[in-house]
Amino acid sequence: EELDSGLKNRVSRAEDLLAKGRDQARDPSKARGAYECYCRGLQGLLDVLPLLPAPHSAKLRLRVDVYLEEAERLRSVLDVDGRSSSSAPKGNGDGRASKREEGEALLKEGREEESRGNLDVAYERYCTG
């Protein structure tokens with residue numbers, strides 16, 4: 001089944017933002033901008049996902065999962081960079097593990113909200129996590 005051109009364009013614009021984020025992520029000085037591209041691109045895909053016919057939505061969900069993992073890794077880099085450049089005392093790493101667990105929990109919540117069709121809530125969880 002062929003996609004409506006409007007939906008196809010929305011998916012394409014969102015994936016263009018994600019590609020821009022991937023490109024920017026290669027340069028550590030552009031990590032924050034890259035993460036913003038990921039968030040905006042993911043929001044675009046999550047907005048269009050419920051409008052797609054089943055075969056297309058299933059394929060897109062798989063791509064969204066990959067983008068989420070990439071955004072999560074980028075977020076981790078930003079968190080580490082933010083902590084290492086701050087004047088916070090150096091600990092034994094327990095704070096990092098706790099932050100990672102918190103982020104993973106938020107991503108899990110995002111996936112659950114997405115499966116319930118609460119895309120705005122899912123997006124917020126994904127970007128926060």
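When all heavy atoms of Leu45 and Ala14 are compared, the closest pair comes out as CD2-CB, 3.6 Å. Between Leu7 and Leu51, the shortest heavy-atom contact is CD1-O, 3.7 Å. Nearest heavy-atom pair across Ala34 and Ala25 is CB-N, 3.6 Å. The two atoms that bring Leu3 and Pro53 nearest to each other are CD2-CD, 3.8 Å, heavy atoms only.
Between Asp16 atom CG and Arg40 atom CZ the span is 11.5 Å, to the nearest 0.5 Å. A distance of 10.5 Å separates CG of Leu74 from CD of Glu36, quoted to the nearest 0.5 Å. Here CG of Leu42 is found 5.0 Å from CG of Leu18. Values are rounded to the nearest 0.5 Å.
Identified under the salt bridge (Lys or Arg N to Asp or Glu O under 4.0 Å) test for residues 5-14, with sequence neighbours left out: Glu2-Lys8. Listed by first and then second residue, the side-chain hydrogen bond (donor to acceptor under 3.5 Å, both in side chains) pairs that reach into residues 41-55 are Gln43-Asp47, sequence neighbours excluded.
One side chain, Tyr67 or Glu15, offers a donor N or O that lies under 3.5 Å from an acceptor on the other.
Hydrophobic clustering of Ile, Leu, Val, Met, Phe, Trp and Tyr side chains at less than 4.5 Å, counting indirect connections, keeps Leu17 apart from Val64.
Of the candidates Lys20, Arg32, Lys30, Lys20 is the only one forming a side-chain contact (heavy atoms from CB on, under 4.5 Å) with Cys37. With Tyr38 as the partner, the side-chain hydrogen bond (donor to acceptor under 3.5 Å, both in side chains) test is satisfied by one option alone out of Glu72, Glu70, Arg75, Gln24: Glu70.
Under the rule for a salt bridge (Lys or Arg N to Asp or Glu O under 4.0 Å), the partners of Arg61 that lie at least two apart in sequence or sit in another chain are Glu114.
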